[in-house]
Chemist: 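Mind looking over this structure? Questions follow.
In what follows, every chain begins at residue 1, and chains take the letters A, B, ... in the order their sequences are listed. Heavy-atom basis, side chains included; hydrogens, waters and symmetry copies ignored. Quick caveat: nothing in here was measured; it's all calculated off a predicted structure.
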2 protein chains.
Amino acid sequence: MVAAATRQQIVEAADRLFYERGFEATSFADIAGEVGLSRGNFYYHFKTKDELLDAVITHRLLKTRSMLDIWEAKSKTPEERIVSFVNLLVVNQAKIMAYGCPVGTLCNELAKLDHLAKDRAAEIFSMFRHWLSHQFIAFGREAEADALAMHILMRSQGVATLAAAYRDEIFVRNEVENMRAWLAAQRPGTPVLPETLS
Amino acid sequence: MVAAATRQQIVEAADRLFYERGFEATSFADIAGEVGLSRGNFYYHFKTKDELLDAVITHRLLKTRSMLDIWEAKSKTPEERIVSFVNLLVVNQAKIMAYGCPVGTLCNELAKLDHLAKDRAAEIFSMFRHWLSHQFIAFGREAEADALAMHILMRSQGVATLAAAYRDEIFVRNEVENMRAWLAAQRPGTPVLPETLS
DNA sequence: GTCTATAATATGATAGAC
DNA sequence: GTCTATCATATTATAGAC
């Protein structure tokens with residue numbers, strides 16, 4: 001197999017296993033086994049686990065960029081685009097209930113390890129944050145765009161953590177609905193509705 | 001030293017290290033070193049790491065119970081009590097920015113490990129959840145008490161995760177303020193105010 | 001570019017002296 | 001109740017054959 005293709009397979013397997021089992025709990029042997037490679041050969045492609053982590057973060061940044069571009073192209077209005085983000089909680093519900101949010105859990109783990117890559121992992125958050133902020137500007141909320149982006153990012157993280165703890169579909173559905181209602185209430189000039197939860 | 005006292009020292013050291021470094025990343029040697037014990041002697045007190053984890057979760061449940069009882073005694077109104085919960089994000093801000101929320105990060109890690117104790121760890125969440133729900137009932141919101149409890153628990157989790165990712169005090173302060181405003185808006189019969197973010 | 005073999009280390013865990 | 005010594009295993013990582 002061509003080196004580049006093998007490398008890509010390793011990165012994708014590591015991406016999945018780091019998400020499903022965690023960074024520390026995933027060994028080179030696990031990944032090699034997944035790809036069908038010998039442990040020894042692994043080191044031809046990645047010298048250290050940190051180098052692999054770096055490649056995984058880069059891969060996630062690229063995947064995220066691509067997803068945001070698709071949302072951007074698919075929807076006409078900024079509100080629809082932000083709803084695409086909110087809907088991630090529903091689209092990926094099964095995985096989130098099993099393993100939490102891939103970004104939040106990685107950032108948490110790397111923070112505890114005080115890992116050099118912790119700030120690079122947080123850049124995945126920043127990619128969502130800046131895209132959301134951009135949407136809130138187009139939405140007509142320029143002054144508070146970043147705070148609104150952080151607010152909705154915060155909510156999605158909270159829902160993901162409790163979804164993994166309780167594995168309660170109804171809770172996820174309710175909070176996604178609250179987020180949509182909150183978003184609608186953010187329309188400039190919209191009279192504040194008597195929302196119960198948001 | 002008396003066995004019970006040594007055992008307690010082990011549990012408290014493990015509690016701290018599991019929080020600061022994570023469960024998997026903390027070894028028996030780390031904990032033994034912290035307590036000033038030999039690795040061998042460790043096994044007199046705990047046969048397995050899972051047995052230790054169980055003791056740590058029990059310890060956290062007791063600490064949480066005790067904290068909730070103090071909040072209950074210190075405040076006269078349910079709203080003040082719920083504010084005590086929200087203020088945890090400020091009181092423990094430095095630790096949360098470094099290591100995230102102790103409950104959320106443990107639940108996330110155990111979910112990924114598919115650890116037997118994952119549901120026991122989630123009981124720490126449930127202790128907060130039921131106490132908060134109780135406060136919302138006293139607050140006059142019986143019908144939605146559990147959903148409101150889950151909502152505020154969700155927000156505190158989201159803030160903790162992003163606090164660890166960005167270590168941004170202003171973000172934490174803003175979101176805590178939003179939570180307080182949200183709570184005030186939950187008073188039964190309160191006309192909905194034009195809150196920007198909540 | 002992939003393999004087997006192996007080094008060096010750290011882990012969870014045990015045995016037995018004191 | 002604590003210690004030292006040790007086991008079995010798993011890990012990251014390297015060397016060298018093919």
Chemist: Residues in salt bridge (Lys or Arg N to Asp or Glu O under 4.0 Å) with B/Asp146, at least two apart?
Modeler: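 By the salt bridge (Lys or Arg N to Asp or Glu O under 4.0 Å) rule, B/Asp146 matches B/Arg129.
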Chemist: Between B/Lys112 and A/Phe23, is NZ or CZ placed under 6.0 angstrom from the six-membered ring centre and within 45° of the ring axis?
Modeler: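 Verdict for A/Phe23: no cation-pi partner in B/Lys112.
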Chemist: Quick one: is D/dT2 close enough that its OP1 or OP2 comes under 4.0 Å of any side-chain N or O from B/Thr6?
Modeler: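 Yes.
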Chemist: Please give, in whole Å, the distance from D/dG1 P to B/Gln8 CD?
Modeler: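 Checked: the CD to P distance equals 15 Å.
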Chemist: Please enumerate all residues that pass side chain to side chain contact (heavy atoms under 4.5 Å, CB included) together with A/Asp114, with sequence neighbours excluded.
Modeler: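 Partners of A/Asp114 under the side chain to side chain contact (heavy atoms under 4.5 Å, CB included) test: A/Lys118.
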Chemist: With sequence neighbours left out, write down each residue that passes salt bridge (Lys or Arg N to Asp or Glu O under 4.0 Å) with A/Arg180, or none if nothing qualifies.
Modeler: A/Glu177
Chemist: So, using side-chain hydrogen bond (donor to acceptor under 3.5 Å, both in side chains) as the criterion, who are the partners of B/Asp119 when residues are at least two apart?
Modeler: A/Arg167
Chemist: For B/Trp71, give me all partners under side-chain hydrogen bond (donor to acceptor under 3.5 Å, both in side chains), at least two apart in sequence or on another chain.
Modeler: none
Chemist: Give me the residues of residues 107-117 of chain B where at least one heavy atom lies under 4.0 Å from an atom of DNA chain C, by number, or none.
Modeler: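 Of all residues in residues 107-117 of chain B, none places a heavy atom under 4.0 Å from DNA chain C.
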Chemist: For DNA chain D, what residues of residues 50-60 of chain A have any heavy atom nearer than 4.0 Å?
Modeler: none
Chemist: Among all residues two or more places apart in sequence or in another chain, which pass the salt bridge (Lys or Arg N to Asp or Glu O under 4.0 Å) test with B/Lys63?
Modeler: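 B/Asp15.
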Chemist: What pairs with B/Phe128 under ring-ring contact (aromatic ring centres under 6.0 Å, His included), at least two apart in sequence or on another chain?
Modeler: B/Phe85
Chemist: Would you jot down, in residue-number order, the residues of residues 28-47 of chain A having a non-hydrogen atom under 4.0 Å from DNA chain C?
Modeler: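 Within residues 28-47 of chain A, the residues near DNA chain C are A/Leu37, A/Ser38, A/Gly40, A/Asn41, A/Tyr44, A/His45.
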Chemist: So, is A/Ser27 near the phosphate of D/dT11, with a side-chain N or O under 4.0 Å from OP1 or OP2?
Modeler: yes
Chemist: Only counting residues at least two apart or in another chain, list the ones meeting side chain to side chain contact (heavy atoms under 4.5 Å, CB included) with A/Glu169.
Modeler: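 A/Glu169: side chain to side chain contact (heavy atoms under 4.5 Å, CB included) contacts with A/Gln93, A/Met97.
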Chemist: Quick one: ring-ring contact (aromatic ring centres under 6.0 Å, His included) partners of B/Tyr19, sequence neighbours excluded?
Modeler: B/Tyr99
